[in-house]
Amino acid sequence: MPHHHHPDGPDHVHADEPMLALEAVQRLVLERCQPLETLELPLAESLGAVLAEDVVATEDIPPFPNTAMDGFAVRSGDTAGAPVELEVVGVLPAGSEPPPEPLGPGQALQIMTGAPMPPGADAVAIVERTEPAGEGRVRILDEVTASANIRRAGSDLRSGALALAAGSVLTPAQIGMLASVGKVSAPVFRRPVVGVMSTGDELVQDGAPLRPGQIRDSNRATLLALVRRDGYPAVDLGPVADTRAAVSEALERGRASCDVVLSSGGVSKGEFDFVKVVLDELASRNGGESFELAVAIRPAKPLALAWLPRGDRPGATAFFGLPGNPVSAVVSYHVVALPALRQMAGQEPAVRRTVPAVAGERLSPSRDGRLNLLRTVARIDETGHLVVRSAGGQQSHQLSGLAAANSLTLVPAGDPVEEGERVAVLLLDGLS
Ligand code: AMP
Ligand code: MG
């Protein structure tokens, strides 16, 4: 198997160096990341997991006809010409069995929301429209129509009906659906375990004082948070020095414990950029694949990828060597790594869709043949349109611009997009 590719082909965009279109990179990645195995997860752990099989109701929900309101179960015909007085023959709380005797003419049964309808009754008079009428009697103030305030058996879901379709990304309400059809666990795709490491001799950890030439490690915190926010178990693989040995040791640690490893830094043209070198080595030694790419996007052009067999079990660990600049690391997470995580977790579409929006101001892209992913604030204006404006500094080290953004706006290289023109937007963190 070839262990090192410099991809070429029709998707190729020519600039200073050969670049690969984003879609081609996404295809390359998705062809190599298959959905993981399925398992039964307890409902309490299944939030955000992708359902692997259709779930069908095996009983009616609700299972029996019951009252939607507190009040009095009646024979609706008895209420003709209301107000009428009826004899109260009992009280039926929720959770009671229905009485064996049918309700007779002129009779009513006091009944609480959720209690089963007694035989013979065909409607419920709500308690707010009744009055006590002496010992054992009630006055019904309004006529009630047949089936008023009754929930039919199966009126939420019939036995045999589809409760949830395979592919659902489980939401709280869907977990409630599973509980209501009697499930205690959900058949879902296993979610990839994602390891995160940062590389760089300049990086300082944990708020320690900065010496000259040092900066603080922000990428590891950012990437761990992204992974967790997107619902994947995250493993902190720590900071890694810019030596071949340290990078090799850390990547091997990731290979042993993770389905996916995200590293930041060390994938450019620098003298001490060892990630791609070590990935190549590991790929050739273990029979995997590695790629060193220039992606035709701004930011986040350099990217190293590898798939290395795990050894202890089938399948490969996927490595995403993300660039070190903080905005680049996050952008390549969103458009390259996240699609892989989604596909492994069974989520479709693997590549998140953009939504159409309107430029709220002129947006100026680069002229270097790269798709610009501008950090933007998207909001819905008074007229109901989604409008985007720049969130601040657009350079790849300016984390402040990204932190102020809730979206990436995709602007192809070339002429500016003018105010009022349509753009495609990838929403990141909810609308402000
Ligand atoms: P590199 O890709 O390693 O050449 O790094 C590119 C730029 O990103 C350099 O300015 C690095 O100092 C910076 N950088 C790399 N890793 C991190 C990190 N974990 N946190 C913040 N900045 C970083
Ligand atoms: Mg570096």
Side-chain angles (χ1 to χ4, degrees), residues 16-17 19-20 25 194-229 234-251 253-254 258 260-281 290-306 319-338 366 368 370 373 375 392-405:
D16 298 343
E17 63 178 315
M19 289 190 290
L20 208 57
V25 174
V194 184
V196 173
M197 67 177 73
S198 50
T199 73
D201 282 344
E202 72 279 33
L203 301 179
V204 166
Q205 303 299 326
D206 304 325
L210 292 173
R211 291 201 311 270
Q214 294 186 322
I215 60 164
R216 302 189 186 281
D217 179 2
S218 63
N219 288 348
R220 202 155 45 87
T222 312
L223 290 169
L224 283 166
L226 281 168
V227 167
R228 292 192 178 117
R229 196 274 310 270
V235 176
D236 186 353
L237 296 169
V240 180
D242 281 326
T243 66
R244 194 181 274 253
V247 170
S248 178
E249 183 277 330
L251 291 177
R253 208 152 29 86
C258 303
V260 174
V261 174
L262 308 179
S263 67
S264 75
V267 294
S268 317
K269 304 284 172 218
E271 204 62 33
F272 304 99
D273 288 338
F274 284 120
V275 171
K276 56 189 190 310
V277 179
V278 172
L279 286 176
D280 278 352
E281 266 174 19
S290 68
F291 301 86
E292 180 188 344
L293 305 177
V295 190
I297 57 175
R298 173 183 287 272
K301 185 174 69 165
L303 183 68
L305 299 173
F319 289 81
F320 292 82
L322 310 178
N325 273 307
V327 181
S328 307
V330 171
V331 166
S332 50
Y333 170 83
H334 282 300
V335 297
V336 181
L338 183 56
S366 58
D368 54 3
R370 291 151 72 179
L373 294 130
R375 279 67 74 200
Q394 297 290 340
Q395 295 179 48
S396 60
H397 70 289
Q398 291 175 312
L399 192 51
S400 55
L402 181 62

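Basis for what follows: all heavy atoms, side chains included, without hydrogens, waters or symmetry-related copies. All ligand and atom numbering here is 1-based and tracks the order in the structure.
- Looking only at heavy atoms of the protein, atom 3 (O) of ligand 1 is closest to Gly266 N, 2.9 Å.
- Of all atoms in ligand 1, numbered sequentially from 1 with element shown, those under 4.0 Å from a heavy atom of Thr199 are 16 (N).
- Residues Leu223 and Ser264 form a side-chain contact, since some pair of their non-hydrogen atoms from C-beta on lies under 4.5 Å apart.
- Arg216 counts as a contact of ligand 1, since one of its heavy atoms falls under 4.0 Å from the ligand.
- Residue, atom and distance of the protein heavy atom nearest to atom 7 (C) of ligand 1 are Asn325 OD1, 3.4 Å.
- No side-chain N or O of Arg375 forms a donor-acceptor pair with one of Gln398 less than 3.5 Å apart.
- Nearest to atom 12 (O) of ligand 1 among the protein's heavy atoms is Glu202 OE2, 2.5 Å.
- The heavy atom nearest to atom 14 (N) of ligand 1, considering only Gly324, Ser396, Gly265, is found in Gly324.
- No heavy atom of Gly200 sits closer than 4.0 Å to any atom of ligand 1.
- Close approach to Ser198 involves these atoms of ligand 1, each under 4.0 Å from a residue heavy atom: 19 (N).
- Counting protein heavy atoms only, atom 18 (C) of ligand 1 is closest to Asn219 ND2, 3.2 Å.
- Between Gly270 and ligand 1 there is no heavy-atom distance shorter than 4.0 Å.
- Side-chain N or O atoms of Asn219 include none that pairs as donor or acceptor with a backbone N or O of Ser198 at under 3.5 Å.
- If you look at Pro326 next to ligand 1, the close heavy atoms, those under 4.0 Å, all belong to the side chain.
- An N or O contact shorter than 3.5 Å links Asp217 to ligand 1 by distance.
- Of the N or O atoms in Arg220, none lie within a sub-3.5 Å distance of an N or O in ligand 1.
- Every atom of ligand 1 with a heavy atom of Ile215 under 4.0 Å away is listed here by number and element: 12 (O), 21 (C), 22 (N), 23 (C).
- The contact set between ligand 1 and Ser268, taken as ligand atoms under 4.0 Å from a residue heavy atom, comprises 2 (O), 4 (O).
- The nearest protein atom to atom 20 (N) of ligand 1, hydrogens excluded, is given as Ser218 N, 3.0 Å; this is a heavy-atom distance.
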